[in-house]
Amino acid sequence: MKIAVLPGDGIGPEIVGQTIKVLEALKLNMSFEHAPVGGAAYDLTGEPLPAATLAAARRADAVLFGAVGGPQYDNLPRAKRPEQAILGLRKELGLFANLRPAIVYPELAGASAIKPEIVAGLDILILRELTGDIYFGQPRGIRQLPNGDREGFDTMHYSESEVRRIAHAGFRAAMKRSKRLCSVDKANVLETSQLWRDVVTALAAEYPEVELSHMYVDNAAMQLIRNPKQFDVMVTGNLFGDILSDEASMLTGSIGMLPSAALDEKGKGLYEPIHGSAPDIAGKNLANPLATMLSAAMMLRYSLDQEAAAAKIEAAVRKVLASGLRTPDIYQPGTQKVGTVEMGAAVVAALS
Ligand code: NAD
């Protein structure tokens, strides 16, 4: 199993470093090829996604990604910014389906900003389409109007085949869980969403066991706070999914706990924590490495067909949480505060 390892910027190298230790401790037949990405790659080569990094990602069976970005890169032209590397990898590798679980571990229910009774036991999966929508639509730009005013504009669009592909992924995921799928759109206002809803509705005939519902995105944003456990699998477009999955992440109390996967049609994927490069805590041994470790577990499950090893990592994470160890982002009085390195060592120890 060949893994391309792209640690990136900020806390990326710290959390990925600990995760590699966990993967090595599993003693599977895995090889790791490291490559720079994001700001680190820009500093070395002038490009956030150098051709050699893209080639390593193409060669690999799966990609383990840390995070990219930092204030020192914020004034670069858009094409050179670290975040372009993620968009480029998604596009070049055809990673169209973003799987974002939001799970509330019993020990962390009190860490959520929402009342524990609303979130305890939460286990939902948000599927976000990743390669279409307004993020990639043309034309886009900022133009000068005849009256001297400036205008920014973007184009939202989805083709029928793009919707069908992500909807199939949503129905398949629902079949593996509690057979409930909620499709989120804004069909009361947007033509793109009307087509989305029509296509998803038509597809439901192929999955008679799945109970399909539709919800407008504004209501979905509200329902995720009011009663998140009503959902099982949610499927939505790129823009709405970006926002809703971040919202769902906060139900769990820490952005440092949530893994994600971006898959192509054959199941090859890029695995990364949902958080960014956290420049405010980079290099201080403060970052929570658990989201990256749980991303590695998803990698074992979805791309490498190693369910037992995936479950082993997840069990080790639960064991460490149950033992009371916490990085500062999930610390509560009565638990024991540890750093990135100590948390990594504890998960490795809990594997055996
Ligand atoms: P962020 O996710 O990096 O940080 C938000 C807050 O959460 C910060 O206070 C940070 O310290 C904390 N945090 C994040 N991950 C943590 C972890 N593992 N453990 C403990 N605390 C953690 O978001 P931001 O501050 O908006 O962005 C910082 C940079 O990251 C920007 O350049 C942004 O563009 C980039 N970014 C990258 C990705 C990615 O690589 N996929 C995603 C989002 C943001």
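Computed from a predicted structure; not experimentally measured. Just so you know, ligand 1 is whichever comes first in the structure, and atom 1 is the first atom listed for that ligand.
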Practice task
May I ask you to test the Val184-Val235 pair for a side-chain heavy-atom distance under 4.5 Å?
Solution key: no
Exercise for the section: Keeping to residues at least two apart or across chains, list the side-chain hydrogen bond (donor to acceptor under 3.5 Å, both in side chains) pairs with something in residues 255-283. Expected result: Tyr271-Ser303
Handout entry: Greater than 12 external heavy atoms within 6.0 Å of Glu191's CD
Key = no
Problem - Under-4.0 Å salt bridge between Lys229 and Asp123 - result: no
Exercise for the section: Name the closest protein heavy atom to atom 22 (C) of ligand 1, giving the residue it belongs to and the distance to 0.1 Å. Expected result: Ile281 CD1, 4.0 Å
Exercise for the section: Run the ring-centre check on His157 versus Phe136 and record whether the distance is less than 6.0 Å. Expected result: no
Problem - Flag: protein heavy atom within less than 4.0 Å of atom 32 (O) of ligand 1 - result: yes
Problem - Any non-hydrogen protein atom less than 4.0 Å away from atom 5 (C) of ligand 1 - result: no
Completion exercise
among protein heavy atoms, the one nearest atom 7 (O) of ligand 1 is Ile255 CG2, 3.8 Å
Problem - Minimum-distance protein heavy atom relative to atom 17 (C) of ligand 1 - result: Asn288 N, 3.6 Å
Handout entry: Closest protein heavy atom to atom 3 (O) of ligand 1, given as residue, atom name and distance to 0.1 Å
Key = Ala278 N, 2.7 Å
Problem - Ionic contact status for Arg301 with Glu314, cut-off 4.0 Å - result: yes
Problem - Sub-4.0 Å protein heavy atom near atom 15 (N) of ligand 1 - result: yes
Problem - Options Ala67, Gly276, Pro71, ranked by nearest heavy atom to atom 38 (C) of ligand 1, top entry - result: Gly276
Practice task
Name the option, out of Pro279, Pro289, Gly69, Ser260, that contains the heavy atom nearest to atom 28 (C) of ligand 1.
Solution key: Pro279
Handout entry: Under-4.0 Å protein heavy-atom contact, atom 24 (P) of ligand 1
Key = no
Handout entry: Salt bridge Glu151-Arg143, side-chain N to carboxylate O under 4.0 Å
Key = yes
Handout entry: Side chain, backbone, both or neither: the part of Ile86 lying under 4.0 Å from ligand 1 by heavy atom
Key = side chain
Practice task
Below 4.0 angstrom from a heavy atom of Ala287, which ligand 1 atoms are there? Numbered from 1 as shown, please.
Solution key: 19 (N)
Problem - Close N or O approach (Leu286, ligand 1; < 3.5 Å) - result: no
Handout entry: Where ligand 1 meets Glu83 - atom numbers and elements under 4.0 angstrom, heavy-atom basis
Key = 31 (C), 32 (O), 33 (C), 34 (O), 35 (C)
Problem - Sidechain N-carboxylate O distance under 4.0 Å for Asp246, Arg100 - result: yes
Practice task
Heavy-atom distances under 4.0 Å are what count here, so tell me which part of Val68 touches ligand 1: side chain, backbone, both or neither.
Solution key: both
Exercise for the section: Answer yes or no for Gly70: is there a heavy-atom contact with ligand 1 below 4.0 Å? Expected result: yes
Practice task
With Arg165 as the cation and Phe96 as the aromatic partner, state whether NZ or CZ is under 6.0 Å from the six-membered ring centre and within 45° of the axis.
Solution key: yes
Problem - ligand 1-proximal atoms of Ile11, by part, heavy-atom distance under 4.0 Å - result: side chain
Practice task
Not counting sequence neighbours, which residues clear side-chain hydrogen bond (donor to acceptor under 3.5 Å, both in side chains) with Arg59? List them please.
Solution key: Glu33
Handout entry: Arg197 and its side chain to side chain contact (heavy atoms under 4.5 Å, CB included) partner, picked from Val200, Val199, Thr201
Key = Thr201
Exercise for the section: State plainly whether the residues Glu92 and Arg58 are in salt-bridge range, i.e. N to O under 4.0 Å. Expected result: yes
Exercise for the section: With heavy atoms under 4.0 Å as the rule, classify the contact between Asp280 and ligand 1 as side chain, backbone, both or neither. Expected result: side chain
Problem - Distance from atom 29 (C) of ligand 1 to nearest protein heavy atom, with residue and atom - result: Ser277 OG, 3.2 Å
